[in-house]
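A short write-up of the structure that comes next.
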Amino acid sequence: TVTIKNSCSNDLRVYKLDIGQGGAKASQDFSPGSSVDYKVDSKWADRFWGCRQGEANCDQYGPAVSLTEVLFKGYANADVYISFVKGFNIPMSINPDGKPGHCYNCGVTTCSTLPSCPNELQGDKGACKSECNTFDTDDYCCTEGYNDPKICKASQYADKFKSGCPDAYSYAYDDAKSTFGCKATKYTVTFCP
């Protein structure tokens with residue numbers, strides 16, 4: 001079960017992208033204080049993100065959104081969850097209902113206050129784009145000749161975001177510092193924790 005909670009003071013539309021079902025996408029409106037339980041398959045791989053009213057292109061996977069990624073039964077048969085891959089627009093947390101054990105720590109990932117956004121990365125309605133989405137170069141996106149964790153390193157932007165939200169995934173090869181694992185039957189994703 002993945003529980004989505006809106007603890008923001010405004011309405012949100014939350015999107016769910018199911019990678020395992022060929023990229024099927026669904027959305028649901030959440031009023032302040034509301035929550036919904038999503039029952040998912042035990043080997044589910046998916047993404048959730050939220051949009052405030054009026055955010056341009058927020059319904060598409062790719063713009064500046066605070067992103068929850070979950071892969072159930074990942075490495076060492078544990079669930080893996082990662083956040084903030086494409087930039088950010090809303091503070092969020094991911095809280096597993098599980099116990100730490102071998103190869104996983106069941107950590108709570110939280111970014112309750114978003115980092116400041118450089119002018120050149122600012123998007124719509126206060127969203128902050130990633131450097132890859134903004135500049136679309138191989139060195140920022142870790143593509144082509146930079147598609148290697150030994151070559152593609154954190155940029156000044158990624159370092160700034162990491163210092164503001166240490167749990168947040170800040171660039172393509174931030175796995176070592178921002179991938180969390182757990183064996184749990186329930187996760188709670190809270191917008192505006």
Side-chain angles (χ1 to χ4, degrees), residues 1-8 10-31 34-75 78-97 108-111 114 121 123-134 136 141-143 161 165 167-175 178-182 184-193:
T1 302
V2 178
T3 299
I4 305 293
K5 294 175 66 174
N6 179 11
S7 293
C8 301
N10 52 289
D11 292 341
L12 296 179
R13 173 161 283 184
V14 174
Y15 291 87
K16 174 179 174 283
L17 180 68
D18 194 330
I19 303 302
Q21 296 294 323
K25 186 172 67 174
S27 66
Q28 186 164 346
D29 291 328
F30 284 72
S31 59
S34 65
S35 66
V36 171
D37 290 340
Y38 290 86
K39 301 292 185 184
V40 296
D41 183 84
S42 63
K43 293 188 177 180
W44 177 77
D46 215 331
R47 289 155 172 76
F48 286 101
W49 68 93
C51 300
R52 292 186 174 99
Q53 190 172 28
E55 283 187 77
N57 300 318
C58 192
D59 61 325
Q60 301 300 312
Y61 171 65
V65 292
S66 303
L67 186 66
T68 298
E69 288 190 305
V70 180
L71 169 62
F72 288 159
K73 307 300 183 194
Y75 176 73
D79 306 332
V80 178
Y81 47 106
I82 305 170
S83 63
F84 293 12
V85 172
K86 297 284 185 180
F88 48 82
N89 63 339
I90 302 172
M92 68 184 307
S93 67
I94 306 170
N95 188 357
D97 183 12
V108 176
T109 62
T110 301
C111 187
L114 296 177
L121 301 186
D124 191 50
K125 302 285 184 183
C128 189
K129 299 180 284 185
S130 71
E131 64 269 31
C132 175
N133 284 359
T134 301
D136 194 26
C141 297
C142 298
T143 52
F161 299 153
C165 280
D167 295 343
Y169 202 84
S170 61
Y171 79 107
Y173 287 112
D174 197 18
D175 299 65
S178 298
T179 301
F180 296 80
C182 194
T185 57
K186 181 174 181 178
Y187 289 83
T188 301
V189 176
T190 303
F191 291 97
C192 303

Taking every heavy atom of Glu55 against every heavy atom of Asp124, the minimum-distance pair comes out as CA-OD2, 3.2 Å

Near-ring test Phe161/Phe88, centroid separation under 6.0 angstrom: yes

What one should report as the nearest heavy-atom pair of Ser7 and Cys192 is CB-O, 3.2 Å

- Item | Under 3.5 Å: donor-acceptor pair, side chain of Lys129, backbone of Val65 | no

Checklist line | Beyond-backbone contact of Tyr169 with Leu67, side-chain heavy atoms, under 4.5 angstrom | finding: no

Closest non-hydrogen contact found for Cys182 with Tyr187 is CB-OH, 3.4 Å

Notebook entry, point to check: Do other residues, nucleotides or ligands put more than 12 heavy atoms under 6.0 Å from Lys16 NZ?
Noted result: yes

Smallest heavy-atom separation, Asn89 atom then Ser66 atom, equals OD1-N, 2.8 Å

When rounded to the nearest 0.5 Å, the distance separating NZ of Lys5 from CG of Asn95 is 9.0 Å

Quiz item: Got more than 12 heavy atoms from elsewhere within 6.0 Å of CD, Gln28?
Solution: yes

For Thr190 and Thr188, the nearest pair of non-hydrogen atoms, with its separation, is OG1-CG2, 3.7 Å

| task | Kindly indicate, with the supporting measurements, whether the criterion disulfide bond (SG atoms under 2.5 Å apart) is fulfilled by Cys142 and Cys132. | result | CA-CA 8 Å; Cys142 298; Cys132 175; over 6 Å; no

Check whether Asp97 reaches the backbone of Lys186 with its side chain - one donor and one acceptor, N or O, closer than 3.5 Å. no

Looking just at side-chain N and O atoms, do Ser31 and Asp11 make a donor-acceptor pair shorter than 3.5 Å? no

Given the options Tyr15, Phe30, Tyr38, Phe48 meets ring-ring contact (aromatic ring centres under 6.0 Å, His included) only with Tyr38

Here the pair of heavy atoms bringing Asn133 nearest to Ala64 is ND2-N, 4.5 Å

Sequence neighbours excluded, the answer for side chain to side chain donor-acceptor pair (under 3.5 Å) partners of Ser27 is none

